[in-house]
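Report on the structure given below.
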Amino acid sequence: MNSGFRAIFKEGAMDVEFPFDPLERAAQIEPLVMQEEKRIYSRFRASQYYGGIATADAVGCSFLCAYCWNYDRNLKPEPEDSFCTPQVVAVKLLNVARTCSYNMYRVSGSEPLLGERSFEHLVQVVKTLVRYRPNAIFILETNGLFLGSNPDFIQSLRIPNVRVRVCLKGVDEKSFETISGVKREYFSYPLTALIELEKAGITAWPALMGDFYRENDIMEFQLKLKTDHISADLELENLEAYPPVVGNLKKRKIEF
Ligand code: SF4
């Protein structure tokens, strides 16, 4: 992977200087996408991932990954989308699931966990879903920053219906910074999240977009995960090269 992203530049809309501090960004973004217990969502839909999953697309992230399909909305969250209570989110997801005969649920397009308020919102979404569908499976897709920096919150995720997919953004500090836009010293936070989730007995696994790395890099990274006592296998996903995604990757000089 090319390392040309060390240079700092600005993204007009929110004057983001890369690389940035993701905890500071999360603290700025959460108040934009949360109103009391409500969070901004842009749509509710059926998705083919996981063999079929009801999906709520939210807005707002602590990272700005070059390959994010929801990059522009996450760069500058707009209040024109709807603020929804956890109960409304759950009901809309249940309606999608009922129509498609799904039993799996997730939030996508954003980071569900920005801070304490969005964490509590997410937990209430899950609890409401489970009240109506006790066998529901909720896949929490997260960049791992919040849980890695606040491991005390992990206990609240000890709900049998929850599985956590921690989406890793690099195999080392340099690739993490280039892909996510986040300062490289935060590379270890998602790994800490995985370790703490496993200690808490919560089903969790790491996922990585494999397109940017050589086979050897991935094998070495898999070894590192095992050495760090992360026992779940690494899931490798493939890039979906939408035109804006390709544009962002070029901007950061990332080859794939
Ligand atoms: S962590 Fe996920 S939602 Fe956030 S910018 Fe990266 S790909 Fe997008």
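Every heavy atom of this structure was used, including side-chain atoms; hydrogens, water molecules and symmetry mates were not. In this text the structure is predicted, and so the values were computed from the model without any measurement. Indexing begins at 1, ligand by ligand and atom by atom, following the structure's order.
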If we count only N and O atoms by modelled type, under 3.5 Å, do the side chains of Ser118 and Glu30 hold a donor and an acceptor together? yes
Starting from atom 4 (Fe) of ligand 1, which protein heavy atom do you reach first, and at what distance in Å? Cys61 SG, 2.2 Å
How close does the nearest protein non-hydrogen atom get to atom 5 (S) of ligand 1, and which residue and atom is it? Cys65 N, 3.3 Å
Do Asp21 and Arg25 sit within salt-bridge range, that is, some charged N less than 4.0 Å from a carboxylate O? no
Keeping the roles fixed (side chain from Asp57, backbone from Arg43), state whether a donor-acceptor pair exists under 3.5 Å. no
Is Cys68 close enough that one of its N/O/S atoms sits under 2.8 Å from atom 6 (Fe) of ligand 1? no
The answer for which part of Ser110 has a heavy atom under 4.0 Å from ligand 1 is backbone
Determine, using heavy atoms of Lys169 and all atoms of ligand 1, whether some pair is separated by less than 4.0 Å. yes
Mutual orientation of the aromatic rings belonging to Tyr67 and Phe212 [parallel < 30°, tilted 30-60°, perpendicular > 60°]: parallel
Decide whether Tyr132 and Phe138 are clustered together by the hydrophobic rule: side chain heavy atoms of Ile, Leu, Val, Met, Phe, Trp, Tyr closer than 4.5 Å, transitively. yes
